[in-house]
Amino acid sequence: MALGAGLKRWAFGGAHVGIVAVFTIFSAFPFYWMLITTFKQTSDLMNRSGNPFIYNKPPTLEHLRVLFFDTMYGRWLWNTAFVGLIVVAITLLLALPAGYALARLTGRWGEHLGIAIFLTYLVPPTLLFIPMSRVISDLGLQDSLWSLVVVYPSFTVPFCTWLLMGFFKAIPRDLEEAAMIDGCSRFGAFLKVVIPISVAGILTVIIFTFTLVTQEFVYALTFISSVSQYTVSVGVPTFLVRGDVYFWGSLMAACFIASVPVAIVYNFFVDRFIAGFTAGAIK
Amino acid sequence: MAHETVSRRDFIRKTGAGAVVAGLGANIIIPGRAGAAKKTLKILQWVHFVPAYDEWFNKKLAKEWGEKNDTEVIVDNIGIAGINPRAAAEVSAQKGHDLFLFNWPPPTFEEQTVDMKDVYQEVERKVGKPIDLGIKSTYNPKTKKYYAFSPSFTPDPVNYRQDLFAQVGLPNGPKSWDEVRSAGAKIKKQFGNPVGIGLANEIDTAMAMRTIMYAFGAHEQDANSNLMLNSKETLEAIKFVKALFEETMTAEVFTWDASSNNRAMLAGKISVALNAISITRVAEKENPDISRKIQLTKALHGPVRAIGLEHVMQCYVVWKFAENIEGAKKFLIDYTTNFRQAFVAGESYDFPCFPRTVPDLKKLITNDPKAHPADKYKVFEDVLEWATNVGYPGYANAAIDEIYGTWVLNVMFAKAASGSATPEEALKEADAACKRIFAKWKEKGLV
Amino acid sequence: MVERRASRFGFLVDRPEWLGPLMLLPAVLYIVLIVGIPFLLALYYSVSDITVGSRTLGFVGLKNFASVVGTTKFQTSLKNTFVFAVVSQVLVMVGATVLALALMKNFKGKWLIRLLVLLPWVAPMSLGSIGWLWILDSIYSVINWTLQAAGLITADTWPMWLGVPRLAMASVITVHVWRLLPLATVILMAGLSSIPQEIHDAAAVDGAGFWRHLFQITLPLVRPIMLVASLFGFVFAFTDMIVIFVLTRGGPYDTTQVLASLAFFTGIQGGDLAEGAAVALFLFPLLLIAAIVFLRVARRTEVI
């Protein structure tokens with residue numbers, strides 16, 4: 001009996017290590033590769049005979065120099081973060097109450113409205129950008145980062161509203177009702193009770209929204225044309241893929257540098273919501 | 001390479017954006033901004049393959065022209081993939097740049113562009129006639145309108161490995177498509193270097209396949225915009241490409257994008273490629289050894305003719321909704337009549353559509369300081385005679401553009417070469433697609 | 001600021017019949033004002049005769065659809081779209097469930113492992129795809145080099161990842177899964193961590209084993225969240241084209257062409273905007289039904 005349990009635990013542990021290892025390699029290998037590429041001389045990159053995992057020629061900082069001094073990469077990082085943070089704020093401000101309303105307060109017509117706003121997703125941005133550019137121009141925002149600030153919530157808010165609805169549903173109603181008995185209004189209970197215990201949902205919304213902003217390509221490509229207003233996802237390929245030549249080292253560096261700090265922040269977020277979770281579910 | 005376009009306007013926008021909430025950013029007025037009444041000219045064009053060209057255009061040409069014409073010239077650069085989406089957005093917004101550069105003929109935008117007839121006339125008066133290629137890429141015979149203006153184009157020569165071809169008895173490179181096939185097969189067998197002509201959904205393939213078609217006497221259309229893809233010549237061309245693939249190439253040509261043949265050639269892997277001079281220019285910079293081995297040759301002979309395509313066709317349009325139409329036209333006239341500077345700044349990448357603007361073209365290309373040997377680019381001395389447009393012998397019209405943009409012919413050749421369809425099936429399918437596309441655009445009145 | 005708003009609207013927010021609309025409307029108004037008209041216009045494009053160069057919108061009914069559905073290109077793309085979307089989404093859902101459960105456990109180095117697993121989601125996708133382009137390159141593919149060094153393939157048998165129809169489809173699906181897996185995992189972890197502990201305790205008392213616990217208790221509790229997340233994933237797979245645009249542009253010979261990329265090539269590169277819209281919106285009715293069903297079920301699921 002004890003032997004069987006030990007064996008089982010051992011097998012479980014083995015499976016666990018295996019699963020985690022496979023997924024980790026799958027996810028992280030491209031970044032490992034980007035890191036190696038960043039410091040390789042172009043002639044080493046283009047050398048077919050050497051081992052690509054090692055530096056056959058001395059490492060170089062040239063690709064980073066090109067990235068930071070020949071392009072406006074630093075500026076693009078800042079633009080991306082700037083737009084991202086504002087859009088996150090707008091998204092939370094709109095989606096939190098809307099998600100709660102969908103979960104608790106509204107009836108059929110609320111559901112209809114909620115579904116209606118989700119439908120904007122179903123038109124690909126590769127088509128929607130054309131009529132959108134007219135709106136942007138009417139607002140006088142063309143070629144300004146504010147055009148992105150205005151447009152991006154249109155695809156983050158619907159999804160986040162529904163996602164938050166899912167999280168709010170997992171909160172026992174008794175908690176709010178208890179607060180209301182203590183003299184809180186419904187809205188007060190939402191602010192003081194529901195939001196604080198929905199940290200996992202809120203952080204997920206931040207992770208979702210900020211990244212969607214940094215990934216967005218079509219609107220940034222078509223609404224912005226001056227180089228100092230680009231975001232990373234458009235600026236980097238624009239200036240580091242020249243005609244039919246890729247600047248691999250600088251491209252890989254750009255991707256790596258833009259990714260890692262954000263991933264670290266997200267990881268703290270994930271830590272924050274997993275902390276409250278003891279491994280009960282999967283003992 | 002990017003700093004130059006941070007103009008005063010950007011600075012103003014930045015300050016504006018920081019100070020005011022959405023909507024006002026673009027309108028704020030900074031006190032003391034001199035010359036507020038000054039005109040502006042906004043130009044949008046691609047990020048040139050040669051960084052020095054952008055440097056020259058944005059910092060020197062634009063600035064000097066602006067000073068001379070009391071205009072603030074703003075140049076925005078954009079990646080090649082962004083050109084059509086950006087144009088569509090500007091049309092939809094009815095706002096944008098005054099001068100907009102397409103790197104291919106833009107016939108579908110005709111309704112939105114100013115007729116360039118007067119620009120052509122003025123330039124012609126100053127520097128003589130343009131070559132046929134320029135007109136074919138910017139004029140619509142149906143509506144009798146010059147929907148764009150083409151100052152220059154980039155030729156698409158054959159790059160070959162001189163060292164390898166010398167060893168199979170062709171020290172001066174292939175002269176015909178048959179030689180590419182026979183020598184290519186020998187080289188592949190003896191040295192393991194395949195021929196590298198793409199068969200993927202990308203522009204180098206699109207150009208190479210048309211080059212072969214035209215050399216075989218096969219065409220998408222005749223001179224009067226009648227579809228004539230379904231011909232025995234086209235079938236011959238398809239069969240030839242199939243044989244060429246089977247005898248001289250490997251499956252990697254199906255994976256390629258526009259940059260891949262550059263890499264394959266520079267890696268010393270392939271024996272032939274069709275491309276602009278970006279391959280040889282990069283080789284000169286990074287790998288002098290391979291640079292000596294890669295040589296260029298003119299358009300190859302097919303059963304019917306020897307003909308080459310433009311690789312990139314510089315077509316400027318002025319939008320009807322542009323704010324400074326006169327300035328845009330004037331800039332274009334001045335730029336074109338002084339094209340020699342652009343030719344030099346672009347390291348012979350762009351060739352003039354008005355030959356007399358670069359009178360010493362032959363001298364310049366036979367003595368290139370970077371090339372190995374110095375007269376490597378001499379093959380271009382008569383390029384203005386053998387380079388032609390997409391849609392030859394007709395005009396580059398909207399139907400041709402859509403066929404090009406949706407990769408119909410690339411897929412036709414690739415399917416037949418890979419064996420996923422017979423040449424006859426591939427042709428039939430492509431012909432059906434082209435028929436539909438031609439009918440559509442004829443109905444819309446643009447073809 | 002929040003407090004102030006609460007008191008100012010106190011008389012309204014105390015009344016439940018007002019509070020719901022008040023909380024929902026800002027989001028709805030924002031979306032309607034910004035995207036409402038463009039959304040309707042985009043839909044209308046598909047039944048009009050617009051081109052990239054025209055601004056007149058003549059009504060032509062279903063002509064664009066009728067004209068395009070019969071073409072080989074369209075039919076191939078339609079088929080590919082389903083393969084791409086369904087396979088990648090199933091892989092994401094299964095992978096994310098396994099990964100989330102694995103990452104919720106306590107183990108050494110989990111902080112670093114989680115960081116590495118999160119990375120693909122944060123990479124700007126235009127650049128992440130270019131990274132994969134480099135990894136799958138026909139000449140410099142590190143995967144092929146490694147396989148060859150391990151003696152599994154020879155220089156003549158290098159797999160052409162983006163050049164053989166099935167491999168190319170597998171490649172674009174892999175990259176798409178790579179990119180979406182972390183988000184799905186995070187959403188699932190967040191969902192799992194919001195399950196009240198008492199429920200797990202109760203299950204333990206009942207003596208539920210691992211699988212029963214997982215399928216009968218844990219997963220049903222996160223169903224609303226999973227439904228919304230998977231709906232997003234599906235729609236995204238049906239409408240996003242950046243991976244395919246960077247890696248294959250539909251090649252080899254249209255075997256990875258999907259409706260989203262075909263729509264782009266037809267409407268934007270080819271100039272026939274109306275037909276491009278028809279291609280892009282061909283699956284709109286289907287996605288519409290899916291969205292309505294998923295969201296309704298998600299909202300009406302009584303979790304607790």
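Naming convention: chains lettered A, B, ... in sequence-line order (proteins, then strands); numbering from 1 in each chain. Every value quoted in this text rests on a predicted model; they were computed, and no experiment measured them.
In terms of non-hydrogen atom pairs under 4.5 Å with chain C, the most contact-rich of A:E111, A:M252, A:H16, A:M34 is A:E111.
The nearest pair of heavy atoms linking C:L119 to A:A263 is CD2-CB, 3.7 Å. Listed here is the closest heavy atom pair of C:V228 and A:L163: CG1-N, 3.8 Å. Here the shortest heavy-atom pairing between C:I225 and A:G166 reads CG1-C, 3.6 Å. Across every non-hydrogen atom of C:R299 and A:W162, the tightest pair is CB-CZ3, 4.0 Å. The two atoms that bring C:P21 and A:W109 nearest to each other are CG-CH2, 3.5 Å, heavy atoms only. Nearest approach of A:F118 to C:A291, heavy atoms of both residues: CD2-CB, 4.4 Å.
Between the side chain of C:Y45 and the main chain of A:I130, no donor-acceptor pair closer than 3.5 Å is present. At distances below 3.5 Å, not a single donor-acceptor pair connects side-chain atoms of A:W33 with backbone N or O atoms of C:G131. Proximity of a side-chain donor or acceptor of A:N267 to a complementary backbone N or O of C:L112 within less than 3.5 Å is not detected. Distance alone, capped at 3.5 Å, places no donor-acceptor pair between the C:Y30 side chain and the A:S154 backbone. Side chain of C:S126 to backbone of A:S233: a donor-acceptor contact under 3.5 angstrom is found.
For A:F217, the part lying near chain C is the side chain, with the backbone staying farther off; criterion is any non-hydrogen pair under 4.5 Å. If you measure heavy-atom distances from A:M46 to chain C, the contacts under 4.5 Å come from both the backbone and the side chain. Neither the backbone nor the side chain of A:L203 has a heavy atom closer than 4.5 Å to any heavy atom of chain C. In this structure, no portion of A:V22 lies under 4.5 Å from any heavy atom of chain C. With a 4.5 angstrom heavy-atom cutoff, A:Y246 touches chain C only via side-chain atoms. Looking at A:F269, there are no atoms closer than 4.5 Å to chain C (heavy atoms on both sides), in backbone or side chain.
Classified by interplanar angle (parallel below 30°, tilted 30° to 60°, perpendicular above 60°), the ring pair A:F208/C:W121 is parallel.
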